[in-house]
Amino acid sequence: MSDDRNAKTERQRVLVVDEYSNFFGGLNETLKEELRKVSGVPNATYLVNDGKVFVFDKLVHPVKERQKDQPDLPLADLARSLIAEATVSAKDAVEAWGIVPVPYETEKVPAKDIGPLDTQVTSVS
């Protein structure tokens with residue numbers, strides 16, 4: 001019979017260092033910086049235009065993939081050609097891309113309801 005009270009058990013120690021993920025983010029960050037400098041590519045996280053939303057992060061992946069297929073094509077031309085692909089509905093921008101717009105509302109007001117800016121309202125009817 002063995003004496004379980006006197007038996008030594010060694011605990012295995014495991015150290016996990018996740019440095020590999022740093023390489024993925026770094027590559028995209030460099031590409032993002034280059035894309036932000038391209039004339040014609042919105043330098044914003046998102047841009048609302050005519051009810052559609054341009055999502056900058058959605059542009060990064062296709063640019064990266066197509067650069068592999070078309071290495072001779074200048075980055076600026078490639079990026080500008082993919083802007084339409086990076087433009088989605090407001091619903092997709094929020095649900096799929098995590099875009100949270102600044103709370104505001106646009107409203108069309110008839111021209112007859114707009115007065116000069118220097119006129120102060122003295123009564124409300």
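- Distance NZ/K64 to CG/L31: 7.5 Å, rounded to 0.5 Å.
- In plain terms, the two heavy atoms of L35 and A79 that are nearest each other are CD2-CB, 3.5 Å.
- Contacts classified as salt bridge (Lys or Arg N to Asp or Glu O under 4.0 Å) and involving residues 38-63 (residues at least two apart or in different chains) are given here: K32-D57.
- Using a 4.5 Å heavy-atom threshold, the side chains of L59 and P42 count as separate.
- Taking the side-chain contact (heavy atoms from CB on, under 4.5 Å) definition, one finds that N43 meets it with R36, sequence neighbours left out.
- Here the OG1 atom belonging to T45 is positioned 13.0 Å from the CH2 atom belonging to W97, to the nearest 0.5 angstrom.
- With sequence neighbours left out, the side-chain contact (heavy atoms from CB on, under 4.5 Å) criterion links K91 to S89, E95.
- In terms of the side-chain contact (heavy atoms from CB on, under 4.5 Å) criterion, A96 has no residue partners (sequence neighbours excluded).
- Note on V94: it does not cluster hydrophobically with Y46, by side-chain heavy-atom contacts below 4.5 Å among ILVMFWY residues.
- Put simply, the residue from I99, T87, V48 that forms a side chain to side chain contact (heavy atoms under 4.5 Å, CB included) with F54 is T87.
- Residues in residues 70-80 take part in these side chain to side chain donor-acceptor pair (under 3.5 Å) pairs, two or more places apart or across chains: D77-R80.
- Taking 4.5 Å as the limit, every side-chain heavy atom of V53 sits out of range of all side-chain heavy atoms of L47.
- Summarising the geometry, atom CZ belonging to R66 is positioned 5.0 Å from atom CG belonging to L82; distances are rounded to the nearest 0.5 Å.
- Taking each heavy atom of V41 and F56 in turn, the nearest pair found is CG1-CE1, 4.1 Å.
- Residues meeting the salt bridge (charged side-chain N to carboxylate O under 4.0 Å, His left out) test with E34, sequence neighbours left out: none.
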